[in-house]
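Per chain, numbering begins at 1; letters A, B, ... match sequence-line order.
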Amino acid sequence: MKSLILYNSDGRELRKFVPLKEGEAGFYCCGPTVYNYAHIGNLRPYTHWDVLRRVLKRFGYKVKHVMNVTDVGHLTDDGDDGEDKMIKGARERGMSVWEIAEFFTQAFFDDMKRLNILVPDVVCRATEHIDVMIDLVKRLEERGFTYEGGGNIYFDTKKLADYGRMALLERQELRHGARTQVDAQKRNPTDFVLWFTNSKFANQAMIWDSPWGRGYPGWHLECSAMSSKYLGECFDIHAGGMDHIPVHHTNEIAQSEGAFGHKWVHYWVHNEFLIMKGGKMAKSKGSFITLNDLLEEGYEALDYRYFLLGGHYRSQLIFSSESLNAARSARRSLMGRMADLLREAFPCSKDDLGLAVRARLEAFDTALGEDMNTPRALAEVWSLVKDDSIEPGEKLAALFSMDEVLALGLASAGRESRQVAADGELSLLLEQRGKARASKDWAAADRIRDELLSRGWKVVDTSDGSRLEKSE
RNA sequence: GGCGCCGUACCCAAGUGGCUAAGGGAGUGGAUUGCAAAUCCAUGAUUCAGCGGUUCGAGUCCGCUCGGCGCCUCCA
């Protein structure tokens, strides 16, 4: 089993991954809140967690990957001047909250597919697990972690000795109430609602029966309840955005460890943000870039994936059209080299790989094993490509192997030439141009080249003759 | 105000105190080409925001200054 080192936010150190069960890895990541399209910043973590999942598999683990879909309209746990996100989305688009959830869940998975992100083994919706959440609150109630105030059930954070350990909250002087209204019902500023029966909004659309009255769950509850249902009350990895450390994940830990009475998650991994020129992209800011926007500008989704893998998941990554262009150029170049290799060789079998190429693959794995260092892994890809001591067939085999983790679509590199070969008309035009060139009829040759370009194909002349590549 | 992260070439970006500071993109020069595109070759930081310190040795550790970002509100 290859060694995987992960940075564990709970303890803030790099730690070798040791699974709870030999050869298996249980892995939960915070999923989307489906009240709007995901913007490209939202898509960053899922790409990195996809790599994590693929690395775990590559290193020999049997992976169980669970992700939630937050389709409950959440208020905040503090006094909130805002509006329920789901209700707002529904009102603005003239749909019901349920339709909104369904629509944007679909849109989210469309994006996942285009980015070559594997669908988690379990995708669980909050609205389908209300009973599990209620059970968790009951257990907390039995163990004395809750109190009632103003119709809502609160978690008493004073009852948990190491509340806030991951976020180092004890070192912080939080300015509670600085930006929001303090909830007068709370005994401690950090307490949070487990179950609401007292909605701040008259038209609360999603409510369920509970032992405490009709209402809806607190936001943090769903992740604790669902992850534990599918992965057990103690599991390996919980992933999410670093913005969640102080509140969401801190409270998940509190309510889970409170209810279960033991340590809950062994490795917490958190991603940093995608940064625009002026700061992070946020849904609440109203304007943001979606994957569709990039596609409309002529980028491929996998160009964006390449861009993301070019930065480490724990570092802020600066987005600009310039850097995305760089990623696109790099990926195209890589695809071009793949296509060239495929013209001269077939991928050889894994058993026939020589020492040099094995060393390259080893270096690639090492990079990924060291806290998922995808930038270094990409550098290893380029080193391999440019290594003249390695036979084309070996390179191809290694590149296909690497792409099992990177998922940059390298396997489709040779597709264009096959497509051209299958298209009689294109082949004929290419042949005619070849004849025109042979007789130095440049006008005719250029006319055919323009014709092909107008059909979306770019002519590439080589010493071995001409071929076609897809243009923009 | 508190807490945390970051500042590496024109741009993006790796870098676990110790060989010549990865990789990609852009640029430039050359080869090739009917032209163009593609491709190939060559070319990049005596230096890692600045200053000081620790050390035999620091981009990597410590302190201060300047600059950027995040969290303490829902947020990936």
Within the pair [X] and [N], is there a side-chain N or O less than 4.0 Å away from OP1 or OP2?
X         : N      : result
Arg337(A) : C40(B) : yes
Ser383(A) : G23(B) : no
Lys386(A) : G24(B) : yes

Assess whether one donor atom and one acceptor atom, taken from the side chain of [X] and the base of [N], lie less than 3.5 Å apart.
X         : N      : result
Asp446(A) : G34(B) : yes
Arg449(A) : A37(B) : no
Asp461(A) : A37(B) : no
Asn325(A) : C12(B) : no

Pick base, sugar-phosphate or nothing for [X], based on heavy-atom distances below 4.0 Å to the nucleic acid.
X         : value
His270(A) : nothing
Ser320(A) : nothing
Trp442(A) : base
Ala330(A) : sugar-phosphate
Glu380(A) : nothing
His248(A) : nothing
Leu14(A)  : nothing
Arg15(A)  : nothing
Gly41(A)  : base

Applying the Watson-Crick and G-U wobble criteria at under 3.5 Å, what pairs with [N]? Answer none if nothing qualifies.
N      : result
U32(B) : none
U46(B) : none
G23(B) : C12(B)
C3(B)  : G70(B)
C56(B) : G18(B)

In whole angstrom, give me the gap between the [atom1] atoms of [N] and [M].
N      : M      : atom1 : answer
C48(B) : G52(B) : P     : 12 Å
A42(B) : G53(B) : P     : 42 Å
A49(B) : G7(B)  : P     : 7 Å
C69(B) : A13(B) : P     : 14 Å
U8(B)  : U60(B) : P     : 13 Å
G57(B) : C19(B) : C1'   : 13 Å
G70(B) : A76(B) : C1'   : 12 Å
C6(B)  : G15(B) : P     : 11 Å

| field | Contact nearer the 5' end of RNA chain B, comparing Ser315(A) with Tyr46(A) | value | Ser315(A)

| query | When the nearest nucleotide of RNA chain B is assigned to Met242(A) and to Cys30(A) on a heavy-atom basis, which residue is associated with the more 5' position? | reply | Met242(A)

Could you work out which one of [options] sits closest to the side chain of [X]?
X         : options                : result
Val247(A) : G34(B), G23(B), C74(B) : C74(B)
Pro375(A) : A76(B), G23(B), A14(B) : A14(B)
Ser333(A) : G25(B), U16(B), A76(B) : G25(B)
Thr33(A)  : C35(B), A76(B), G4(B)  : A76(B)
Gln316(A) : C35(B), C69(B), G4(B)  : C69(B)
Ser323(A) : A76(B), C12(B), G23(B) : C12(B)
Ile318(A) : G4(B), A13(B), C69(B)  : A13(B)

May I ask you to decide if the ring planes of [X] and [Y] are parallel, tilted or perpendicular, using 30° and 60° as cut-offs?
X         : Y         : answer
Tyr216(A) : Phe196(A) : parallel
Phe192(A) : Phe155(A) : parallel
Tyr37(A)  : Phe104(A) : perpendicular

| Centroid-centroid distance, Tyr46(A) to Phe108(A), less than 6.0 Å | yes

| query | For the ring pair Tyr154(A) and Trp195(A), is the centre-to-centre distance below 6.0 Å? | reply | no

Just how far, in rounded Å, is [atom2] of [N] from [atom1] of [X]?
X         : N      : atom1 : atom2 : result
Phe307(A) : A13(B) : CZ    : P     : 7 Å
Phe288(A) : A76(B) : CZ    : C1'   : 13 Å
Glu322(A) : A26(B) : CD    : C1'   : 7 Å
Arg467(A) : A38(B) : CZ    : C1'   : 7 Å
Glu469(A) : A37(B) : CD    : P     : 14 Å
Glu370(A) : G15(B) : CD    : P     : 9 Å
Asp441(A) : C35(B) : CG    : C1'   : 14 Å
Ile245(A) : C72(B) : CD1   : P     : 11 Å

| Residue that, paired with His270(A), satisfies side-chain hydrogen bond (donor to acceptor under 3.5 Å, both in side chains) out of His238(A), His249(A), Arg314(A) |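 Considering His238(A), His249(A), Arg314(A), a side-chain hydrogen bond (donor to acceptor under 3.5 Å, both in side chains) with His270(A) is found only for His249(A).
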
| With respect to Thr374(A), which candidate in Val55(A), Val51(A), Thr47(A) satisfies the side-chain contact (heavy atoms from CB on, under 4.5 Å) definition? |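 Between Thr374(A) and the candidates, side-chain contact (heavy atoms from CB on, under 4.5 Å) is satisfied uniquely by Val51(A).
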
| query | When you look at Tyr230(A) and His129(A), which way does the ring pair (Phe, Tyr, Trp, His ring centres under 6.0 Å) test go after all the steps? | reply | CA-CA 11 Å; Tyr230(A) 293 106; His129(A) 294 76; 5.6 Å; yes

| Is a side-chain donor-acceptor pair under 3.5 Å present for Asp403(A) with Ser401(A)? |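 Ser401(A) vs Asp403(A): no donor-acceptor pair found between side chains.
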
